[in-house]
Amino acid sequence: QVQLVESGGGLVQSGGSLRLSCAASGRTLRDYVTGWFRQAPGKERDFLATISGSGSSTHYADSVKGRFTISRDNAKNTVYLQMYGLKPEDMAVYYCASRTSPYISDNYSSYDYWGQGTQVTVSS
C-alpha cells in the first residue's frame, strides 16, 4: 500500500520560508515522478512543481518559479519543496503526489497517489 505523508506546513509571515517534506512508504520515489500541488478554499488544485525519479528533470508553475525549489533525497525516500518569499496568496493546503510514469507532468489527474496535505498559512 502506497502512502505519502506531507509535513512542514505551518504559519509563516509574509516573506518567510518553509520547507515541505513528502515521505513515502510502499513505493520507492526514485522510480517515479513526484509532484507538488496546492488548493486554496473554493479554488481548484493547482500545480506547483514536479521532479523526475532521477531528479534530472524538473518543471515549475510560473507562479512559483524562482521562489520554490523541488528536490529529492532518495536515501530517505523523500521529496522536498523549499519555499521562499511566501506571500498571502500562497496560503493553501499543499499536497504531494506520485505518478506511475517516468515522465514529468503538471496535470494533477495523471498522478496516482496523493498525500493528505499540509496547511500553509501566510500572515500579511
Side-chain angles (χ1 to χ4, degrees):
Q1 182 180 359
V2 177
Q3 279 194 311
L4 303 177
V5 179
E6 302 96 336
S7 62
L11 173 64
V12 64
Q13 289 188 330
S14 182
S17 303
L18 282 174
R19 188 179 79 159
L20 306 183
S21 299
C22 173
S25 60
R27 168 168 281 203
T28 302
L29 290 184
R30 68 171 180 267
D31 295 334
Y32 303 99
V33 167
T34 305
W36 282 97
F37 297 78
R38 69 186 178 192
Q39 189 166 20
K43 295 190 176 181
E44 294 185 350
R45 190 163 298 191
D46 290 333
F47 164 76
L48 298 175
T50 183
I51 187 168
S52 63
S54 66
S56 60
S57 297
T58 58
H59 174 58
Y60 295 90
D62 288 342
S63 60
V64 304
K65 200 173 294 183
R67 295 192 300 126
F68 292 8
T69 302
I70 191 170
S71 63
R72 61 190 319 134
D73 184 338
N74 289 334
K76 295 183 178 179
N77 207 27
T78 299
V79 173
Y80 303 99
L81 186 68
Q82 178 69 55
M83 306 186 292
Y84 296 101
L86 285 163
K87 308 172 184 179
E89 52 263 43
D90 293 318
M91 188 159 56
V93 178
Y94 283 65
Y95 299 91
C96 69
S98 179
R99 182 171 190 252
T100 308
S101 168
Y103 303 108
I104 59 175
S105 171
D106 59 10
N107 183 350
Y108 74 86
S109 65
S110 71
Y111 286 76
D112 309 289
Y113 298 97
W114 291 82
Q116 83 291 347
T118 185
Q119 176 71 47
V120 172
T121 302
V122 183
S123 63
S124 56

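Please read these numbers as outputs of a predicted model, since none were measured by experiment.
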**OP:** Dump the intermediate steps for side-chain contact (heavy atoms from CB on, under 4.5 Å) on Thr100 and Tyr32, then the final yes or no.
**Re:** CA-CA 6 Å; Thr100 308; Tyr32 303 99; 3.8 Å; yes
Show which side-chain atoms of residues 7-20 pair as donor or acceptor with protein atoms under 3.5 Å away, not counting sequence neighbours.
none

Original post:
How far does CZ of Phe68 sit from OH of Tyr84, to the nearest 0.5 angstrom?
Top reply: 11.5 Å
Original post:
Applying disulfide bond (SG atoms under 2.5 Å apart), which residue pairs with at least one partner in residues 60-99 are found, sequence neighbours left out?
Top reply: Cys22-Cys96
Subject >> CG-OG1 distance between Asp106 and Thr50, expressed to the nearest 0.5 angstrom >> reply: 8.5 Å
**OP:** Name all residues meeting the side-chain hydrogen bond (donor to acceptor under 3.5 Å, both in side chains) criterion together with Tyr94; count only those two or more places apart in sequence or in a different chain, and write none if there are none.
**Re:** Arg38
**OP:** Assert yes or no for the condition that the ring centre distance of Phe37 to Tyr111 is strictly below 6.0 Å.
**Re:** yes
Original post:
Would you say the side-chain atoms of Arg27 and Ser98 include a donor-acceptor pair closer than 3.5 Å?
Top reply: yes
Original post:
Val79, Ile104: one ILVMFWY side-chain cluster at the under-4.5 Å cut-off?
Top reply: no
**OP:** Say whether Ser109 and Asn107, considering side chains only, have a donor N or O and an acceptor N or O under 3.5 Å apart.
**Re:** yes
Subject >> Side chain Glu6, main chain Gln116, donor-acceptor under 3.5 Å >> reply: yes
**OP:** Search all heavy atoms of Leu81 against all heavy atoms of Ala49 and return the closest pair with its distance.
**Re:** CD1-CB, 4.2 Å
Original post:
Which one of Thr78, Val2, Leu4 satisfies the side-chain contact (heavy atoms from CB on, under 4.5 Å) criterion with Leu29?
Top reply: Leu4
Subject >> Ile70 versus Trp36, closest heavy-atom pair with distance >> reply: CD1-CD1, 3.6 Å
Original post:
Of all heavy-atom pairs between Val122 and Met91, which one has the smallest distance, and what is that distance?
Top reply: N-SD, 3.6 Å
Original post:
Do the side chain of Tyr95 and the main chain of Gly35 share a donor and acceptor less than 3.5 angstrom apart?
Top reply: no
Subject >> Trp114 vs Tyr108, side-chain contact (heavy atoms from CB on, under 4.5 Å): CA-CA, chis, key distance, verdict >> reply: CA-CA 10 Å; Trp114 291 82; Tyr108 74 86; 3.8 Å; yes
Subject >> Asn77 side chain to Thr28 backbone, donor-acceptor under 3.5 Å >> reply: no
Only distances under 3.5 Å count here; give the side-chain donor-acceptor pairs of residues 41-48 to other protein atoms, sequence neighbours excluded, each with its distance to 0.1 Å.
residue	atom	partner	partner atom	Å
Arg45	NE	Gln39	OE1	3.3
Arg45	NH2	Gln39	OE1	3.2

Original post:
At their closest point, which heavy atom of Ser105 faces which heavy atom of Ser110, and how far apart are they?
Top reply: OG-OG, 3.1 Å
Subject >> For Ser101, all residues meeting side-chain hydrogen bond (donor to acceptor under 3.5 Å, both in side chains), sequence neighbours excluded >> reply: Arg99
Subject >> Sequence neighbours excluded, every pair satisfying salt bridge (charged side-chain N to carboxylate O under 4.0 Å, His left out) that has a member inside residues 67-81 >> reply: Arg67-Asp90
